[in-house]
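Shown next, in structure tokens, is the structure this report addresses.
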Amino acid sequence: MKAANLEFNGKAFKRFYVTDLDEMVKCCHLLLDSKATRLGLDIETSKKIKFLNFVPVKKGNRTIGPAPGLCPLLSDIRLIQIFDPIQNAVYVFDAMKIPLWRNSCLFRSFLTERKFIAHNGVFEIKHFTHNSYPNMHIDCSMLLTILVDRAERSPFEPEEEDEDEPADGMAKYKKTGYGLDAVIGRLYGCRVEKAFQTSDWNRLELSKDQINYAALDAVLTYRVGRDMMEKVLEYKMLKAYTVLRDMQHVVADMELTGIAIDKKQHNSLIKEWEKQHAENTIECTKRFKKVNLNSSKQLNAWAKEKYPEAFWCRYWPKTKASTEENQILSFGKDTLKEVIDTIERRFKQRSNALLALLEYKKFGKLLSTYGETLAAITHPSTGRVHCSFIIGETRTGRLSSREPNLQNLPRDKSVRRLFIAPDAKHLLVADYSQIEIRTAAALSKDPVMTNAFIKGIDLHKYIVKMCFGWKMKDITKEQRQMGKAINFGYEFRMGWKKFARYALTSYGVKITDEQAKHTFDTYHSLYRVYSAWCEAEYRKCERLGFVRTPLGKIRKLLPEEQYTRSVNTQVQGGAAEAIMLALIYFRKEMPKGCKLISTIHDEIIVECDQQKPEYKDLLEKCMVKGFQDVFPEAPICGLVEASYGRTWADAKQ
DNA sequence: AAAGGCAGCGCG
DNA sequence: AAAGCGCGCTGCCTTT
């Protein structure tokens with residue numbers, strides 16, 4: 001076996017290209033026997049022959065949805081690159097030349113027994129899971145890097161001075177993002193060539209440059225992982241990291257499984273929306289003529305022409321960017337409603353144009369986001385929607401979701417009904433009840449909040465009772481909504497002025513300044529201990545310059561961020577950590593008939609073969625356990641609500 | 001032509 | 001002195 005001698009950034013390493021069985025056996029033994037605690041890992045993928053001609057969906061100038069080469073269902077593992085830091089050697093296994101997946105006990109034990117480290121481990125885990133290795137130990141140098149970065153940098157950090165540009169005029173390295181090239185640039189100040197990433201990995205004979213590129217990535221991943229792990233330990237974030245590491249498998253499973261869509265229903269819904277939208281557009285062109293209704297600039301011109309300056313100057317809310325000299329009117333839904341209301345009250349007129357505009361916007365948004373775009377990204381081979389879940393990027397520790405974002409679907413039943421269980425399956429949906437208030441109660445040990453949870457008192461009703469003296473049993477749905485606004489607003493240190501506006505625009509409830517102040521005072525005297533805790537946490541954060549979530553994830557905060565985010569990070573982050581533990585527990589224990597589908601901050605969706613009470617009990621048990629791990633002393637009565645249904649809409653009670 | 005900022009909207 | 005938080009997607013508009 002011939003070794004190539006390579007180097008990066010002044011450090012040399014050997015590279016072996018493994019193309020036959022004897023070589024593979026030898027390398028597997030070497031790697032199994034290596035004294036290294038972790039091995040660097042990277043893979044390159046080729047397109048499955050069947051999908052060679054598959055064209056990913058274009059949206060504007062970029063492609064979205066499933067892509068051969070990225071999606072495990074559309075691609076094969078071509079190369080597996082393993083870096084052994086003890087031998088200082090990379091072994092590049094070529095799956096097109098060796099039958100890696102066919103009953104090779106040696107290769108199997110190598111993959112299952114060793115610990116690896118990869119950059120964006122979810123990618124590797126998805127591919128290995130799809131090839132029947134669902135539980136490999138893979139640390140992620142990207143997750144480690146992000147954790148360290150969040151502890152060391154705030155997004156409001158002033159830009160660092162540009163150093164002298166290199167002679168070739170190219171920027172030295174990317175300042176944003178967590179791709180391996182960007183990370184290497186920021187950590188070690190050197191550039192990595194990434195052009196080969198998209199080269200042709202389907203050809204039987206790979207070029208030397210391709211093989212060397214592939215090998216290098218495994219080395220770099222290892223170096224980043226080793227260095228960042230050291231920092232994570234130094235910052236005492238191992239516990240937080242371990243949760244993220246285990247979440248990789250949950251996310252990989254959910255992304256591979258996807259969620260089924262009712263195509264017929266979707267098509268008829270699109271037709272319905274299009275009809276409505278066409279009618280609204282006609283109605284609007286009558287009143288707005290040639291104005292582009294999606295352009296706030298053109299709408300500004302239109303409004304300033306139509307209404308007297310004295311009116312829009314005084315009564316029309318302005319955007320954030322608006323200045324004294326250049327006033328920019330806001331055209332958001334809430335402000336439009338406000339303006340319509342003002343016109344009606346003060347001038348006894350119906351603003352038909354603005355009312356039509358509201359309707360136009362509503363269906364325009366639905367069509368552009370959940371119309372053909374959604375249909376286009378359903379997977380060609382599964383017919384389901386496979387979104388990506390992103391771990392570790394949000395500043396509190398929540399997951400986020402992309403392509404499509406399944407976490408901000410309209411609550412409207414017509415949309416949620418599109419997400420279904422396929423024939424003979426069922427959806428199990430469970431959510432934490434009032435998780436953020438529970439978390440606040442647990443962190444601060446506020447006795448009033450805690451007692452309410454023990455006794456099962458509805459906190460949203462309770463707060464309006466205390467504010468306005470209404471009787472619990474008489475409180476209407478709308479009044480309870482107001483309670484929600486009070487609880488969520490003041491929990492995260494909103495001021496009474498903003499609350500007054502918030503109540504008006506979001507709930508249409510007009511309250512005077514005096515009343516707003518009263519709700520503020522009532523909240524803070526009722527939850528005295530929580531308020532004091534918030535203040536104490538703020539002081540602590542002021543001293544330290546950062547805040548920690550319950551499991552220890554650090555978020556650096558600049559002084560101007562500290563007042564609100566010191567509290568919010570702990571509450572939201574703690575809730576996120578609880579549900580992540582729940583997901584990890586459930587994945588470990590769930591029976592064959594269950595598949596994790598999705599999670600939305602306080603909610604978990606599972607696809608089941610039957611409506612068995614055992615499944616539901618297990619999910620509830622795991623969610624309780626996850627919560628208790630983070631908040632051992634918190635009450636758990638009424639913590640989880642779960643139910644079955646055929647669609648997402650009707651599985652939620 | 002591509003990239004980034006902003007406003008606006010949906011969710012928890 | 002005063003201070004809700006956390007996301008992603010779409011379309012428009014400006015800059016490169």
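Naming: A, B, ... by sequence-line order, numbering from 1 per chain.
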Roughly how many Å is it from CD in A/Glu542 to P in C/dA1, rounded to a whole number? 13 Å
When you compare the side chains of A/Thr323 and A/Asn326, does any donor N or O come within less than 3.5 Å of an acceptor on the partner? no
In whole angstrom, give the distance that lies between atom NE2 of A/His524 and atom C1' of C/dA3. 12 Å
Check every strand shown and say whether A/Thr569 touches a base, only sugar-phosphate, or nothing at a heavy-atom separation below 4.0 Å. nothing
Taking any heavy-atom pair under 4.0 Å as a contact, classify A/Tyr432: base, sugar-phosphate, or nothing. nothing
For A/Tyr502 and C/dG4, give me the distance from atom OH to atom P, rounded to whole Å. 11 Å
Regarding B/dG10, can its base be found pairing with the side chain of A/Asn408 as donor and acceptor, where the two atoms are less than 3.5 Å apart? yes
Report the relative orientation of the aromatic rings in A/Tyr432 and A/Phe627; use parallel for angles under 30°, tilted for 30 to 60°, perpendicular for over 60°. tilted
Just compare C/dC5, B/dG8, C/dC9 and give me whichever is closest to any side-chain atom of A/Ser330. B/dG8
Centroid separation under 6.0 Å, is that true for the rings of A/Tyr523 and A/Trp496? no
Minimum-distance nucleotide (side-chain atoms of A/Arg402 versus C/dC5, B/dG12, C/dC9): C/dC9
Is it the case that the base of B/dG10 and the side chain of A/Arg411 share a donor-acceptor contact (distance under 3.5 Å, atom types as modelled)? no
Given atom CD1 of A/Ile605 and atom P of B/dG12, what is their separation to the nearest angstrom? 11 Å
Phosphate oxygens OP1/OP2 of C/dG11: is one of them under 4.0 Å from a side-chain N or O of A/Ser296? no
Looking across every strand, which nucleic acid part, if any, lies under 4.0 Å from A/Arg398 by heavy atom: base, sugar-phosphate, or nothing? base
Phosphate oxygens OP1/OP2 of C/dC7: is one of them under 4.0 Å from a side-chain N or O of A/Thr394? no
State which of C/dC7, B/dC6, C/dG4 makes the closest approach to the side chain of A/Met494. C/dG4
Interatomic spacing from CD in A/Gln562 to CG in A/Leu558 - rounded to 0.5 Å: 7.5 Å
Hey, which of A/Leu427, A/Ile259, A/Asp262, A/Ile261 is the one that makes side chain to side chain contact (heavy atoms under 4.5 Å, CB included) with A/Ile420? A/Asp262
What is the distance, to the nearest angstrom, from the CD1 atom on A/Ile604 to the P atom on B/dG12? 15 Å
Assign A/Arg501 to base, sugar-phosphate, or nothing according to its heavy-atom contacts below 4.0 angstrom with the strands shown. nothing
Would you mind telling me which of C/dT10, B/dG10, C/dG8 lies closest to the side-chain atoms of A/Pro410? B/dG10
Would you mind reading off the distance between A/Asn292 atom CG and B/dA7 atom P, rounded to a whole angstrom? 17 Å
Base-pairing mate for C/dA1 - Watson-Crick or G-U, with both contacts under 3.5 Å: none
Look at A/Ser295 and C/dC13 and indicate whether a side-chain polar atom (N or O) is within less than 4.0 Å of OP1 or OP2. yes
Check for me whether the distance between the ring centres of A/Phe520 and A/Phe499 falls short of 6.0 Å. no
Contact under 4.0 Å: A/Lys361 side-chain N or O vs C/dT10 OP1/OP2: no
Rounded to the nearest angstrom, tell me the gap between atom CG in A/Leu406 and atom C1' in C/dG6. 17 Å
I want to check one thing: is the phosphate of C/dT14, taken as OP1 and OP2, less than 4.0 Å away from some side-chain N or O of A/Lys297? yes
Checking A/Asp412 against A/Ser414: is there a side-chain donor and acceptor pair closer than 3.5 Å? yes
With respect to the side chain of A/Ser368, which nucleotide from C/dT10, C/dG4, C/dA3 is positioned closest? C/dT10
Of the listed nucleotides (B/dG12, B/dC9, B/dG8), which one gets closest to any side-chain atom of A/Lys333? B/dC9
Out of B/dG8, C/dC12, B/dG12, whichever nucleotide has its closest atom nearest the side chain of A/Asn294: C/dC12
So what does A/Ala576 hit on the nucleic acid, given a heavy-atom distance under 4.0 Å: a base, only sugar-phosphate, or nothing? nothing
Select base, sugar-phosphate, or nothing to describe what A/Glu403 touches, counting heavy atoms under 4.0 Å on all strands. sugar-phosphate
What is the distance, rounded to the nearest whole Å, between atom NZ of A/Lys365 and atom P of C/dG8? 13 Å
For C/dC5, does the base pair up with any side-chain atom of A/Gln572 as donor and acceptor (N or O, under 3.5 Å, distance only)? yes
Respond yes when some side-chain nitrogen or oxygen of A/Ser400 is under 4.0 Å from OP1 or OP2 of C/dG8, and no when none is. yes
Which nucleotide in the list C/dC5, B/dG12, B/dG10 gets nearest to the side chain of A/Arg416? B/dG12
Given C/dG8, C/dT10, C/dG6, which nucleotide is nearest the side-chain atoms of A/Asn405? C/dG8
